[in-house]
Amino acid sequence: MPPTVLLFNEIYYSDWSNKQTTQKNKKICQPPIDSDTDTNNIVFTKKIYNLLNKADQFIFNSSELDPKYIVNLSVASQLLAKNDNYKILITGHSDSFSADIPASQLARQRAEQIQRYLSIFGLNPNRIHIDSIDSQPPSFSTPQAREHLSNRRVTIELMHINQPLMLDDFSWR
């Protein structure tokens, strides 16, 4: 059988002996039924990710949120409240200079603070899961002063509502 060349919505068979292309056995190639939904999901998840995983989330050595980040939490919680196909996992982190509070406690407080604000802004608390990691793994292993801001963070993962949480194994992070 001659090679098949896929062009738009039809399958053409090339007739190499006559050096012309003839159409035989016309078949329609169709995208998956839910391809528009998949595209919308990708756009939605990107938007949520960009809102929630911004730098400058917290004040130094504190679980106090940066006011600009609170606006992002409000917008994200409203979007998530309208789409019940997702839940989120918030992982709190701390930088290596959390002197007043133990790093693991500060990381947990940061995750809880995000959870609190998302709930206040209308996201069902049953769809919010939290965990924490102290100063490991930082975004920058030997941070400079300007890089501590990036280690003072939470990471927020958007997960399908039926996806199981894997809170015990952070080897992949």
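The first residue of the sequence shown is numbered 1, and numbering continues consecutively from there.
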Enquirer: Pairs under 3.5 angstrom only: tabulate donor-acceptor contacts from the side chains of residues 113-121 to other protein residues two or more places apart or in another chain.
Expert:
{"unit_1": "Gln113", "atom_1": "OE1", "unit_2": "Arg116", "atom_2": "NH1", "d": "3.2"}
{"unit_1": "Ser119", "atom_1": "OG", "unit_2": "Gln115", "atom_2": "O", "d": "3.0"}

Enquirer: Hey, does the side chain of Arg127 reach the backbone of Leu80 with a donor-acceptor pair shorter than 3.5 angstrom?
Expert: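 Indeed, once roles are kept as given, a pair shorter than 3.5 Å links the two residues.
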Enquirer: For the residue pair Leu89 and Ile130, establish whether any side-chain heavy-atom pair is separated by less than 4.5 Å.
Expert: no
Enquirer: Which residues pass the side chain to side chain donor-acceptor pair (under 3.5 Å) test with Asn85, not counting sequence neighbours?
Expert: Asn83
Enquirer: If you measure only the distance, is there a donor-acceptor pair under 3.5 Å linking the side chains of His93 and Ser132?
Expert: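 His93 vs Ser132: no donor-acceptor pair found between side chains.
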Enquirer: Angle class for the His160/Tyr86 ring planes (parallel below 30°, perpendicular above 60°, tilted otherwise)?
Expert: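 If you compare the ring of His160 with that of Tyr86, the planes turn out perpendicular.
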Enquirer: With a 4.5 Å heavy-atom cut-off, do His129 and Ile90 have their side chains touching?
Expert: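 No - every pair of side-chain heavy atoms lies 4.5 Å or more apart.
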Enquirer: Output the distance between atom CD (Glu64) and atom CD1 (Ile70), rounded to the nearest 0.5 Å.
Expert: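 Answer for the CD-CD1 pair, Glu64 versus Ile70, is 8.0 Å.
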Enquirer: What's the spacing between Ile156 CD1 and Lys54 NZ if we round to 0.5 Å?
Expert: 12.5 Å
Enquirer: Please tell me if the side chains of Asp84 and Ile161 come closer than 4.5 Å, counting only heavy atoms from C-beta onward.
Expert: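 Of all side-chain heavy-atom pairs linking Ile161 with Asp84, none is under 4.5 Å.
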Enquirer: Sequence neighbours left out, what passes side chain to side chain donor-acceptor pair (under 3.5 Å) with Gln163? Give chain and number order.
Expert: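 Residues passing side chain to side chain donor-acceptor pair (under 3.5 Å) with Gln163: none at all.
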Enquirer: Between Leu79 and Leu51, is a side-chain contact (heavy atoms from CB on, under 4.5 Å) present by the stated rule, with each step listed?
Expert: CA-CA 11 Å; Leu79 290 171; Leu51 283 167; 4.0 Å; yes
Enquirer: When you compare the side chain of Val154 with that of Thr91, does any pair of heavy atoms fall below 4.5 Å?
Expert: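 Not touching, per the 4.5 Å side-chain cut-off.
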